[in-house]
Amino acid sequence: MTGATPGRHGDGTRAVRAGLPPAVKNEPTLPGPVFAAHFHLAGDVSGPYAYGRDENPTWTHLERAVAELEAPGGIDGRPVEALVFASGMAAVSAVLFSQLRAGDAVVLPSDGYQALPLVRDRLTEYGVEVRTAPTGGDAQLDVLEGARLLWLETPSNPGLDVCDIRRLADAAHARGALVAVDNTLATPLGQRPLELGADFSVASATKQLTGHGDLLLGYVTCADAGRAASVRRWRKIVGAIPGPMETWLAHRSLATLQLRADRQDANALALAGALLARPEVSGVRYPGLPDDPAHAVAARQMRRFGCVVSFELPSREHAERFLAALTLVDDATSFGGVRSTAERRARWGGDPVADGFIRFSAGAEDPEDLITDVLHALDTAARPSAST
Ligand SMILES: *Cc1c(COP(=O)(O)O)cnc(C)c1O
């Protein structure tokens, strides 16, 4: 069987087939990881694989898969290019540092991923002007004039605000700016930024895309061959390359992406609904909730709303009692895995969140078990004397 037409199939079909090579008799469906620093290379340099920092066949398979998921029909009739990296931050940095020069201005979200401020400091030291504005209300529009690059993160982590990608991309392009979207939280099954006008869709594959909490990986997708080449050159220069084993595990994990996302996202919605009914819980945010401030924009541009729910408990102590009383939910950072996790986000410092703010990542447990566990932990946390 060959010639799959990824653009015409449903998400589940594309997820299980994405990036598979054409059938070859007696070869495996998904070839195993290729461990190689160098490849046979007699005579002049030709062919794709010469040195392991530049290219690896295991990357190629995953890169094709990611491209098929991020833009199944291509963009403007052309297939998009995907490049895999050692981590989400390697991918984020690759776009920012390959596209920006001293004297350029860049617009970042003020409420984005917690490592963005570190990148911001470094960009400033290199002579790039960094402006920030919140994700909600498309506020980044107001500081766009004269910028070279607009960086969006939607939904934002951990606040779960959403901005209108199409509107911001049109405004940026009208001013000559490029647009990159951090697509980590949504995954390509939740939203396709390139189809909404973005020049780059960038993500951490560490989270829901691979979903088992057992590897770090990132990627950049880009519809323009020239810009993709400059990101590729950056990867070669800094060597932020993924190992073949992680790359292969990531590809293997993609097959269950639609199953995991459907279950986890449904669990997140059910959990958000249950939290709304609790008097001690405030500020519940989930873009899939009909009354969420982000819902209208999210519903226009997203096909799934993700597995992360955020909310607030009255105090640090209350939140810590809640986390300690959970039995099916690990107190751990990161999100997107098949096992539910939750954490009190303020323990890290840096995010502009209250002491009792919880970021909850819904896993693939049975919904009734998960909700029961959360409600029981809330009951326990509401009685300080019964704390652990
Ligand atoms: C986790 C995360 C990153 C960084 O990814 P790593 O794989 O941890 O390097 C970037 N953006 C967002 C939104 C994230 O959640």
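Treat the numbers as computed from the prediction; the structure is a model and nothing was measured. Below, all heavy atoms of this structure are taken into account, side chains as well, without hydrogens, waters or symmetry copies. Read the numbers this way: they start at 1 and go in the same order the structure lists the ligands and their atoms.
- The aromatic rings of Y49 and F39 are tilted relative to each other, their planes meeting at an angle between 30° and 60°.
- Sorted by first and then second residue, the ring-ring contact (aromatic ring centres under 6.0 Å, His included) pairs involving residues 271-302 (not counting sequence neighbours) are H295-F305.
- Between F360 and F311, the angle of the ring planes lies from 30° to 60°, which puts this pair in the tilted group.
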Tabulating one pair per line, provide the atom names and distances (0.1 Å) for every N/O atom of ligand 1 that is less than 3.5 Å from a protein N/O atom.
residue  : atom   : partner : partner atom : Å
ligand 1 : 5 (O)  : S204    : OG           : 3.1
ligand 1 : 7 (O)  : G88     : N            : 2.8
ligand 1 : 7 (O)  : S204    : OG           : 2.8
ligand 1 : 7 (O)  : T206    : OG1          : 2.7
ligand 1 : 9 (O)  : G88     : N            : 3.1
ligand 1 : 9 (O)  : M89     : N            : 2.8
ligand 1 : 11 (N) : D182    : OD2          : 2.7
ligand 1 : 15 (O) : N157    : ND2          : 3.1
ligand 1 : 15 (O) : K207    : NZ           : 2.7

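- Residues E68 and R14 are not in side-chain contact: their nearest non-hydrogen atoms beyond the backbone lie 4.5 Å or more apart.
- With a 4.5 Å cut-off on side-chain heavy atoms, S361 and S340 do not count as touching.
- Using a 4.5 Å heavy-atom cutoff, the side chains of D164 and Q301 are in contact.
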